[in-house]
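Some notes on the structure that comes next.
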Amino acid sequence: MARMAQIDAGIPYTTPLQTLNRNCSFGLQAMNVIATAIAADQITMGIWCGVENTSYHPMNKVTPPDVDWEVMKEDRNE
C-alpha cells in the first residue's frame, strides 16, 4: 500500500519508505515513528497514514479467555 501511494504521488522511488503491519492502531504508531524521527533530527519531513481492514477478521468468533477477575483486582504491590 505504501509503495503504491508513493509511486502515485510522484515521490521518487529512491525516497526511504517504511511500512507497518498491525491489526489495530498502526496509524498511530506510524505517526509516532515520524514524529520521533523529526524530533531526533533524523528526517525533516515525513508522511504517515493508516489503512485498516479488519472486515474479514473473525474477532466476533473468538472465545474470550476465562479470567478470574478477583485475582486480577488484587494489589500485588503490598
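The shown structure was predicted, so the numbers you read here are calculated from the model rather than taken from an experiment.
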### Task
Please identify each residue that fulfils side chain to side chain contact (heavy atoms under 4.5 Å, CB included) with D8, with sequence neighbours left out.
none

### Nonpolar side-chain network containing M31, other nodes, edges under 4.5 Å
L28, I34, I38, I43, W48

### Task
Among Ile, Leu, Val, Met, Phe, Trp and Tyr joined by side-chain contacts under 4.5 Å, find the other residues sharing a cluster with I47 and list them by chain and number.
I11

#### Entry: Residues that Q29 engages under side-chain hydrogen bond (donor to acceptor under 3.5 Å, both in side chains), provided they are two or more places apart
R22

### Set of residues satisfying side chain to side chain contact (heavy atoms under 4.5 Å, CB included) with respect to P12, sequence neighbours excluded
T14, T15

